[in-house]
Structure formats: C-alpha cells, structure tokens
Amino acid sequence: PNVPRYAPFLDEWSRIYERFGVPAEIGLSQAILESGLNGTARSRANALGLCQFLRRNWQALNRLSPETIEAYNQTTQAPYCAAYLSVLATMYGSFIPALSEHHSGGVNVGRTLINGERLGGTTTAEQYLMGSQFARDLRSVALREYRDLYRTYGVRSFRYAEMVFGNTINVQQIRSEVRQERIYAMRTRRAIPMGEITRRTQLTASEVQRFNPALLRQVPAKGTLYLPMPVPEFGADVTFWHRPADSAYAGALDEFLQLDAGAQRWHDASFEPELQRFRRRFEATGTEEGRVMATTLAYVIGDLRTSRRAAILDDFRTNGRILQL
C-alpha cells in the first residue's frame with residue numbers, strides 16, 4: 001500500500017545502500033519485508049522505521065552521531081540500515097547470517113553457527129544453513145526437550161533470509177514500473193518550521209512530509225531536510241549519493257569489507273583495536289558516509305563490549321549439558 005507514496009524514491013535509496021557495499025535489492029527487499037517502505041512503521045516491540053531498528057538502538061546511534069538522526073525519515077535511516085548490514089555481513093562473511101541477526105539477534109545466530117559447525121559446515125554460510133535447518137527440525141521433533149540448542153530461533157528466523165532474497169524480485173519490478181524521483185538533502189543549521197518550508201518551496205505540507213515523514217512542526221537544528229529540489233538557504237548540501245565516492249572513503253570501505261577474521265574473532269576483546277582503527281579511518285575521511293560508518297562501528301563495538309553475547313556463546317561451545325544434548 002505504500003508503493004504509490006514511497007516507491008518513487010527506490011532509485012535514490014538504492015544508491016545509498018550501494019555506497020556502503022550492500023546490494024540495493026537486498027537492502028530494499030529487507031525494508032519492504034520489515035516496514036513496507038513506511039518510515040513511520042512501528043512494531044509492538046517498539047521497532048521503528050524503514051528497517052525496524054528498536055527505539056533504544058536509534059537512541060544509541062543518535063548519541064554517537066554528530067548529527068540529529070530522525071528515526072522516522074527513511075532517507076535518514078537508509079544509510080544506517082545499510083552501514084549496519086554492511087558491518088554484519090563483514091563480520092560473518094555472508095549476507096545470510098547478517099540478515100538473520102537483524103531479525104533474530106546475535107546470540108541466536110551464534111548458536112546456529114556453532115551447531116552448524118558441529119554438524120560439519122566449513123564456511124560461515126554452510127554452518128548457518130545447516131544449523132538453521134537443524135533448529136527447525138529439532139523444533140518439530142521435540143520442542144521442549146532440546147530447546148536449549150535453539151532457544152527463540154523459530155520458523156520465521158529460519159525463513160527470514162529466504163524471504164528477503166525472495167523480495168528482491170518485487171524491488172526490481174517496482175523500480176521498473178514506478179517513475180523515480182530525486183531526493184536532495186540539506187543539513188540544517190537551525191530549526192526550520194513547516195510553514196517556512198512550504199512558503200519557500202511552494203510544496204504542500206503533504207508533499208513535504210512524503211520526503212520527511214518525521215516532520216510534523218519543524219526540522220530540528222543539525223537535522224536533515226529532504227526535498228525534490230536543492231534549497232541552499234535551508235543548509236549545506238549533504239546529498240552524498242549524488243556524488244562519486246571520495247577516494248579515502250572508498251579505500252577504507254574496500255579494505256574493511258575484505259576483513260576475514262570470522263565472527264568468533266569479532267567477539268574477542270583483542271580484535272577491538274582493529275575495529276577502532278577502521279572507525280577512526282572512516283571518521284577521518286570527513287565525508288557524510290564516512291561519519292555514518294564510524295558511528296555504526298562505534299555502536300557495534302560498544303554492543304560487542306558491553307553485551308553478554310561472547311560469554312553466552314563461549315558457554316554454549318563448552319557447556320557439558322549442551323554437548324550432551
């Protein structure tokens with residue numbers, strides 16, 4: 001139902017995803033699956049927006065970002081959705097477990113990989129596919145007796161990556177059938193009320209909100225205003241996806257995407273300096289997309305450091321009862 005209103009932006013969002021090394025069809029099909037492209041979508045678990053990050057995750061990113069992140073604007077969300085998926089795909093070496101972590105959580109995916117490794121999987125993708133099949137089969141055989149081997153990893157978790165890849169056909173079809181529009185981004189120096197925006201642009205409030213679903217009364221200072229045309233009076237042009245990638249950013253991204261440490265190594269505290277090195281390198285590019293990657297990496301590093309994921313997965317590898325099951 002949101003195709004008439006938001007599908008004209010798919011080409012622009014595609015360029016954003018690709019700037020972070022994520023194939024556009026994969027990123028956008030996940031957005032269709034999660035939110036139906038609706039920036040104001042909100043789940044019962046308080047997940048918000050295009051790719052349905054939890055509110056607390058958006059708040060954490062906002063604290064780390066030098067700019068204001070408005071979690072109900074799809075064009076604000078898209079770079080962070082893309083950067084996060086890029087980081088997870090680098091950690092796992094595959095988009096399949098990366099997509100699954102977004103849905104079912106890192107601990108569930110970690111257990112799935114360990115089970116797949118025990119079953120003989122040699123690559124991360126093999127381990128995930130074998131481990132996910134194992135979890136699904138166990139649930140159908142003995143739902144309670146073997147629950148500790150899969151916990152909350154359920155049938156939807158098993159099908160999630162498949163549903164995302166299946167939706168890539170819908171992305172291609174919509175992009176070919178719907179006339180696409182340009183989006184221009186301006187970084188505000190001050191709060192700008194809706195009335196001023198409609199007066200200067202001659203756009204209706206409804207049309208302004210189509211580009212900015214989060215906008216009710218005003219765009220906040222250090223926020224980003226999106227319009228079908230550039231208006232320099234509203235702030236600096238930050239439409240990075242309209243420009244070629246900066247060479248420093250492109251070089252940093254290329255090297256980052258080739259990291260081949262493996263997911264288990266990422267959970268080791270000794271790997272944090274390497275991630276911090278890339279965070280500083282992205283930040284030093286001085287680019288919009290570099291700041292997004294630096295902010296997202298800071299978020300992931302913080303989560304790896306403060307969560308109990310590493311300890312839980314280490315116990316899952318060595319716990320005698322788990323091994324007996």
Side-chain angles (χ1 to χ4, degrees), residues 22-23 26-27 29-35 43-47 51-54 57 81 84-169 260-268 300 303-304 306-325:
V22 177
I26 292 177
S29 65
Q30 184 188 35
I32 288 175
L33 184 65
E34 289 287 350
S35 65
S43 76
R44 285 176 293 181
N46 216 13
C51 55
Q52 292 287 280
F53 283 179
L54 292 172
N57 296 341
C81 299
Y84 188 59
L85 190 52
S86 181
V87 170
L88 291 181
T90 300
M91 180 170 73
Y92 290 114
S94 168
F95 279 102
I96 297 172
L99 289 165
S100 186
E101 169 157 337
H102 183 91
H103 170 73
S104 58
V107 172
N108 274 332
V109 172
R111 292 191 190 100
T112 302
L113 290 172
I114 293 169
N115 284 334
E117 183 182 2
R118 287 169 175 156
L119 291 168
T122 56
T123 67
T124 301
E126 276 184 3
Q127 290 165 3
Y128 177 78
L129 292 170
M130 293 173 75
S132 64
Q133 180 77 46
F134 181 59
R136 193 198 70 160
D137 291 348
L138 276 181
R139 289 177 66 92
S140 65
V141 172
L143 185 62
R144 293 187 179 180
E145 184 177 355
Y146 293 98
R147 184 178 181 276
D148 285 344
L149 291 182
Y150 56 79
R151 292 297 182 99
T152 57
Y153 187 94
V155 175
R156 187 174 173 84
S157 303
F158 173 78
R159 293 291 184 195
Y160 184 78
E162 184 176 350
M163 290 189 287
V164 171
F165 282 105
N167 254 317
T168 59
I169 302 301
D260 190 26
Q264 188 175 356
R265 181 88 167 87
W266 278 57
H267 292 93
D268 193 315
V300 170
D303 182 60
L304 290 171
T306 60
S307 73
R308 294 189 60 248
R309 182 194 304 193
I312 293 170
L313 293 179
D314 184 59
D315 178 70
F316 190 78
R317 283 183 176 278
T318 58
N319 184 287
R321 182 174 176 276
I322 295 295
L323 292 171
Q324 181 61 38
L325 285 173

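Remember, predicted model here, so these are calculated numbers, not experimental data.
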Would you confirm whether R118, through its side chain, and G131, through its main-chain N or O, come within 3.5 Å as a donor-acceptor pair?
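No; zero donor-acceptor contacts below 3.5 Å.
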Within the side chain of S29, is there an N or O that forms a donor-acceptor pair under 3.5 Å with the backbone of V164?
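At least one qualifying donor-acceptor pair exists.
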If you define the side chain from C-beta out and look only at heavy atoms, does anything of [X] sit under 4.5 Å from [Y]?
X	Y	answer
N57	D303	no
L149	F134	yes
S104	V109	yes
E117	L113	no
F53	H102	yes
R111	Y153	no
N115	F316	yes
T112	F158	no

Heavy-atom closest pair, residues [X] and [Y]:
X	Y	answer
T152	S157	O-OG, 4.2 Å
L85	A98	CD1-CB, 4.1 Å
Y150	A142	OH-O, 4.0 Å

side-chain contact (heavy atoms from CB on, under 4.5 Å) for R144 and R147? Distances and angles first, verdict last.
CA-CA 5 Å; R144 293 187 179 180; R147 184 178 181 276; 5.6 Å; no
Working to the nearest 0.5 Å, report the span between [atom1] of [X] and [atom2] of [Y].
X	Y	atom1	atom2	answer
I312	N319	CD1	CG	12.5 Å
Q264	T124	CD	OG1	10.5 Å
S100	R156	OG	CZ	11.5 Å
I96	E126	CD1	CD	11.0 Å
M163	I32	CE	CD1	13.5 Å
L119	Q127	CG	CD	10.0 Å

Do the ring centers of Y92 and Y128 come within less than 6.0 Å of each other?
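So the answer is no for these two rings.
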Going by distance alone, is a donor N or O of one side chain under 3.5 Å from an acceptor N or O of the other, for Y160 and Q30?
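Side-chain D/A pair, Y160 to Q30: present.
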Apply the test side-chain contact (heavy atoms from CB on, under 4.5 Å) to residues D137 and Y146: give CA-CA distance (whole Å), side-chain angles for both, the deciding distance (0.1 Å), then the verdict.
CA-CA 11 Å; D137 291 348; Y146 293 98; over 6 Å; no
